[in-house]
Amino acid sequence: MNNDMPDNIEDDEEFDGLTDEELQVHMSYLNEVMDDYERFINNIGKNGLTAKLMLNYRDEIQEILSFLNNYEIDLSKYWTRLVRLDQILRSRRTAVVKEVGRKNFIMEQIRKEPPKDHWWWYIDRSVPKDKPGFWNFLKKPEW
């Protein structure tokens with residue numbers, strides 16, 4: 001993610017007008033973040049240790065789009081693209097949970113307390129846990 005993002009994107013911040021130049025900065029950043037999210041989605045299973053960033057990018061996209069909805073901008077192509085990418089994420093959720101790690105999902109749910117409509121942080125709950133193997137009784141239980 002980029003540190004060039006303006007600090008004025010906050011959900012509870014009062015709505016105030018932006019200049020055309022400031023809107024362009026937001027749109028440019030949205031394009032960049034969408035491209036990064038798509039790259040992560042297309043590499044599910046190959047993202048390695050950076051896999052959790054995919055969920056952070058998804059958060060960032062939601063925040064930017066929600067903010068930009070306050071302006072008279074046609075965002076339909078972004079929402080359509082996001083729906084398509086989210087469908088891939090949902091369809092590959094087992095691989096995502098394996099790659100990100102179930103414990104990382106739980107940790108982030110505790111740490112961030114994401115709202116329930118940020119479903120991507122709770123996708124682990126829709127994937128059944130692996131059945132224990134024969135020797136798993138020797139392992140320390142997961143809490």
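Trp121 has its side chain out of reach of Pro115: every pair of non-hydrogen atoms, C-beta onward, lies at least 4.5 Å apart.
The main-chain N or O of Arg90 is found under 3.5 Å from a side-chain atom of Arg93 such that the two form a donor-acceptor pair. No donor-acceptor pair under 3.5 Å is formed between the side chain of Tyr37 and the backbone N or O of Glu32.
In this structure, Arg125 fails the cation-pi test against Trp119, since its NZ or CZ atom is not both closer than 6.0 Å to the six-membered ring centre and inside 45 degrees of the ring normal.
Counting only residues at least two apart or in different chains, salt bridge (Lys or Arg N to Asp or Glu O under 4.0 Å) contacts with residues 65-81 comprise Asp35-Arg81, Glu38-Arg81.
To the nearest 0.5 Å, the span separating CD1 on Ile123 from CG on Leu55 amounts to 8.0 Å. In this structure, the separation between CD1 on Ile61 and CG on Asn56 is 11.0 Å, given to the nearest 0.5 Å. Taking CZ of Arg92 as the reference point, atom CG of Asn42 lies at 9.5 Å (rounded to 0.5 Å). The line from CD1 of Ile73 to NE2 of His26 is 9.0 Å long, rounded to the nearest 0.5 Å.
Judged as a side chain to side chain contact (heavy atoms under 4.5 Å, CB included), and not counting sequence neighbours, the contacts of Thr50 are Phe40, Asn47, Leu53. Not counting sequence neighbours, Glu99 has no partner by the salt bridge (charged side-chain N to carboxylate O under 4.0 Å, His left out) test. Partners of Lys112 according to the salt bridge (charged side-chain N to carboxylate O under 4.0 Å, His left out) rule, which considers only residues two or more places apart in sequence or in another chain, are Asp59. Applying the salt bridge (charged side-chain N to carboxylate O under 4.0 Å, His left out) rule to Arg58 yields the partners Asp86; only residues at least two apart in sequence or on another chain are considered. Partners of Ser28 under the side chain to side chain contact (heavy atoms under 4.5 Å, CB included) rule, at least two apart in sequence or in another chain, do not exist in this structure.
Under the 30°/60° scheme for interplanar angles, the aromatic rings of Trp120 and His118 are found to lie parallel.
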Take Leu89 and Met54, measure what side-chain contact (heavy atoms from CB on, under 4.5 Å) needs, and give me the verdict at the end. CA-CA 10 Å; Leu89 178 63; Met54 173 174 48; 4.2 Å; yes

Step-by-step side-chain contact (heavy atoms from CB on, under 4.5 Å) determination, Leu23 to Leu68: CA-CA 8 Å; Leu23 281 174; Leu68 291 174; 4.0 Å; yes

Run the side-chain contact (heavy atoms from CB on, under 4.5 Å) test on Met27 and Leu75 for me, step by step, so that the C-alpha distance in whole Å, both residues' side-chain angles and the decisive distance to 0.1 Å come before the verdict. CA-CA 10 Å; Met27 295 303 294; Leu75 299 171; 4.1 Å; yes

Let me see the working for Lys98 and Val127 under side-chain contact (heavy atoms from CB on, under 4.5 Å), right down to the final yes or no. CA-CA 10 Å; Lys98 183 176 181 178; Val127 175; over 6 Å; no

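Counting heavy atoms of neighbouring residues, nucleotides and ligands inside a 6.0 Å radius, atom NZ of Lys52 exceeds 12 of them. No more than 12 heavy atoms of other residues, nucleotides or ligands shown are found within 6.0 angstrom of CG on Asp20.
There is no path of hydrophobic side-chain contacts, each under 4.5 Å, that joins Met107 to Val97. If you chain together hydrophobic residues whose side chains sit under 4.5 Å apart, Phe67 and Trp79 fall into the same group.
Using modelled atom types and a 3.5 Å distance limit, the side chains of Asp124 and Gln109 yield a donor-acceptor pair. Side chain to side chain, Tyr29 and Glu60 meet the donor-acceptor criterion of an N or O pair below 3.5 Å.
When all heavy atoms of Asn43 and Arg39 are compared, the pair lying nearest together is ND2-O, 2.9 Å.
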